Undergrad: 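Dumping the structure here so I can ask a few things about it.
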2 protein chains.
Amino acid sequence: MSKLSGTKKKIYDASVKLFAEKGYKATTVREIAKVVGIQQSAIYNHFKNKEAILDEIIDNLSNSHLINLFEDKEPKEIYKKGKSLLKQVSNMFKLISYDTKTDLLFRFMMQELFNNERLRIFYNEEFYQKNVKKLSIVFFMMMQDEMIESMDPLVLANEFFSPLFFYQLQIVRLKADNKSTAVAATLFEKHTDFFWDRIRIKNEKKDQLF
Amino acid sequence: MSKLSGTKKKIYDASVKLFAEKGYKATTVREIAKVVGIQQSAIYNHFKNKEAILDEIIDNLSNSHLINLFEDKEPKEIYKKGKSLLKQVSNMFKLISYDTKTDLLFRFMMQELFNNERLRIFYNEEFYQKNVKKLSIVFFMMMQDEMIESMDPLVLANEFFSPLFFYQLQIVRLKADNKSTAVAATLFEKHTDFFWDRIRIKNEKKDQLF
DNA sequence: GTCTATACAGAGATAGAC
DNA sequence: GTCTATCTCTGTATAGAC
């Protein structure tokens with residue numbers, strides 16, 4: 001992940017945590033230093049200023065699991081997996097919601113989304129567009145292969161993506177209040193089941209009931 | 001809406017705008033006063049302190065259009081409208097995204113969601129739970145009436161609600177960068193079309209193709 | 001109710017000894 | 001690289017005249 005070491009890494013990690021929990025503006029350099037266990041001024045030996053820490057975190061988001069829903073595999077390699085591929089993507093969202101490092105990055109992203117233009121660019125291009133486009137290619141191939149019904153692949157990709165995002169936000173929000181996430185967590189799988197069942201082309205040989 | 005008048009109302013409105021755009025913490029009392037056109041200290045004749053403004057805004061969220069997706073009508077009165085009811089709910093989300101007052105409240109809510117427990121309670125109970133529950137009752141009645149397929153109504157309600165929320169967030173985010181929202185705006189209707197078409201029970205008299 | 005003036009605290013950042 | 005000390009600025013809030 002981030003190629004930082006020693007104190008700089010500690011500062012980085014503490015900042016991610018505090019920025020995610022309280023927001024960038026509300027977090028003080030003194031607090032970060034306290035978590036790390038050094039004096040406030042020592043921070044400046046590792047980062048030019050507070051904003052440089054923020055920039056470093058945003059730069060590193062691209063290396064996080066936040067955006068790799070497909071584990072770098074190409075659509076044509078994987079589309080044939082059908083429902084189990086969707087299950088896998090859905091499960092990635094769930095994993096991110098529970099992974100104690102990546103959930104902080106997600107929370108940080110949502111926390112600062114409206115305060116930082118670079119972050120919005122990341123959100124839009126890397127988190128949203130890239131994944132939705134990849135999804136729509138997968139769906140397009142599934143349509144060609146007559147696994148699912150034909151329709152606008154991009155609309156379909158958005159319809160699959162958006163509930164997963166929402167449920168992830170639900171989980172992270174619930175965790176902020178130490179509330180149970182059990183019910184929300186089941187929605188990831190229920191979404192995939194519901195979704196796949198509505199778009200797949202039923203096998204006539206098995207479903208010949210009429 | 002809010003029953004404030006004169007300067008107090010101006011302070012309130014300016015605060016909503018600034019809190020939504022920059023966040024509560026990053027907004028200074030001086031800035032608010034500047035927008036209103038008074039001296040910073042004059043704020044304190046109307047509000048005890050900065051936090052009191054925040055509290056007032058959160059208190060008033062319940063009176064906003066943010067949560068009234070059904071215009072206060074009861075499920076049994078409206079469920080028979082079928083798809084056009086869903087269209088109406090979907091359209092409410094779209095209207096909120098574009099209404100220049102309510103979109104600020106939505107942005108404010110998302111902006112401060114992780115920084116304010118009272119706001120999270122509002123989000124959960126009034127914005128999410130209340131609407132999803134009402135939706136699930138509507139879907140349940142539609143199932144009873146054999147308008148749509150039978151399944152878990154709560155899951156269905158979540159599946160209908162979550163994309164609308166996501167598209168709303170998309171629009172508000174795009175507007176923050178003055179980007180075009182045209183494509184995102186079409187997704188509200190496409191969602192309803194897609195969704196309804198997948199759950200409705202087809203009329204045998206019309207669809208007798210086999 | 002608004003103004004000017006000011007108190008007070010907190011935060012970011014730098015200087016220089018070790 | 002870390003420490004103590006300190007500077008400077010900014011922001012919230014209050015006092016008191018008008």
Side-chain angles (χ1 to χ4, degrees), chain A residues 2-60 104 107-108 111-112 114-119, chain B residues 2-60 104 107-108 111-112 114-119:
Chain A
S2 50
K3 283 163 190 162
L4 304 174
S5 59
T7 307
K8 186 163 187 174
K9 170 80 173 145
K10 281 183 192 168
I11 296 168
Y12 179 90
D13 289 340
S15 300
V16 168
K17 185 173 156 61
L18 288 167
F19 292 171
E21 284 171 358
K22 320 179 47 170
Y24 170 73
K25 187 80 186 181
T27 302
T28 68
V29 176
R30 284 178 168 85
E31 279 177 292
I32 299 169
K34 195 172 184 180
V35 171
V36 176
I38 55 176
Q39 280 301 311
Q40 171 253 141
S41 57
I43 300 272
Y44 294 89
N45 288 315
H46 304 276
F47 293 93
K48 190 195 160 213
N49 51 29
K50 191 185 169 189
E51 202 178 350
I53 307 177
L54 182 66
D55 289 337
E56 181 102 17
I57 294 173
I58 296 175
D59 287 341
N60 268 319
L104 283 179
R107 184 166 165 180
F108 164 76
Q111 177 82 261
E112 296 302 322
F114 288 106
N115 294 319
N116 191 296
E117 194 179 346
R118 279 185 65 224
L119 195 51
Chain B
S2 50
K3 284 162 192 164
L4 303 173
S5 59
T7 308
K8 185 162 188 176
K9 170 79 173 145
K10 282 183 192 168
I11 295 168
Y12 179 90
D13 289 339
S15 299
V16 169
K17 185 172 156 63
L18 289 166
F19 291 171
E21 286 171 358
K22 320 178 48 172
Y24 170 74
K25 187 79 186 181
T27 302
T28 69
V29 177
R30 279 184 230 271
E31 279 177 294
I32 299 169
K34 195 173 185 179
V35 172
V36 175
I38 55 175
Q39 280 300 312
Q40 169 255 139
S41 57
I43 299 272
Y44 295 88
N45 288 316
H46 304 277
F47 292 93
K48 192 196 161 211
N49 52 30
K50 189 184 170 189
E51 202 179 350
I53 307 177
L54 181 67
D55 288 338
E56 182 102 15
I57 295 173
I58 296 174
D59 287 342
N60 268 319
L104 283 178
R107 183 165 164 180
F108 164 75
Q111 177 81 261
E112 297 302 321
F114 288 107
N115 293 319
N116 191 297
E117 194 181 346
R118 280 186 64 225
L119 195 51

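Just so we're clear, the structure is a prediction, and the values are computed from it rather than from any experiment. Quick note on labels: first sequence line is chain A, next is B, and so on, each numbered from 1.
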Undergrad: What is the distance from atom CD1 of A:Ile43 to atom CD1 of A:Ile11, rounded to the nearest 0.5 Å?
TA: 4.0 Å
Undergrad: Both A:Ala26 and A:Lys48 contact DNA chain C. Which one's nearest nucleotide lies toward the 5' end?
TA: A:Ala26
Undergrad: Let me know the distance between NZ of B:Lys25 and P of D:dT10, rounded to the nearest Å.
TA: 16 Å
Undergrad: Under 4.0 Å between a Lys/Arg side-chain N and an Asp/Glu carboxylate O for B:Asp13 and B:Lys9?
TA: yes
Undergrad: Compare side-chain N and O positions of A:Gln40 against OP1 and OP2 of C:dG12 and report whether any pair is under 4.0 Å apart.
TA: no
Undergrad: Do B:Ser41 and C:dT4 have a side chain to base donor-acceptor pair shorter than 3.5 Å?
TA: yes
Undergrad: So, the side chain of B:Glu31 versus the backbone of B:Leu18: is there a donor-acceptor pair under 3.5 Å, distance only?
TA: no
Undergrad: Give every donor-acceptor pair under 3.5 Å between a side-chain atom in residues 32-42 of chain A and any protein atom, sequence neighbours left out.
TA:
none

Undergrad: When the nearest nucleotide of DNA chain D is assigned to B:Glu31 and to A:Gly37 on a heavy-atom basis, which residue is associated with the more 5' position?
TA: A:Gly37
Undergrad: Nearest of C:dA11, C:dA13, D:dT12 to any side-chain atom of B:Lys50?
TA: D:dT12
Undergrad: Decide yes or no, distance alone: a donor-acceptor N/O pair under 3.5 angstrom between the base of C:dG10 and the side-chain of A:Arg30.
TA: no
Undergrad: B:Thr28 or A:Ile38: which one's nearest nucleotide on DNA chain D is closer to the 5' end?
TA: A:Ile38
Undergrad: Give the nucleotide from the list D:dT12, C:dG1, C:dA13 with an atom nearest to the side chain of B:His46.
TA: C:dG1
Undergrad: Closest approach to the side chain of B:Tyr44, judged atom by atom: which nucleotide of C:dG12, D:dA13, D:dC3 is it?
TA: D:dA13
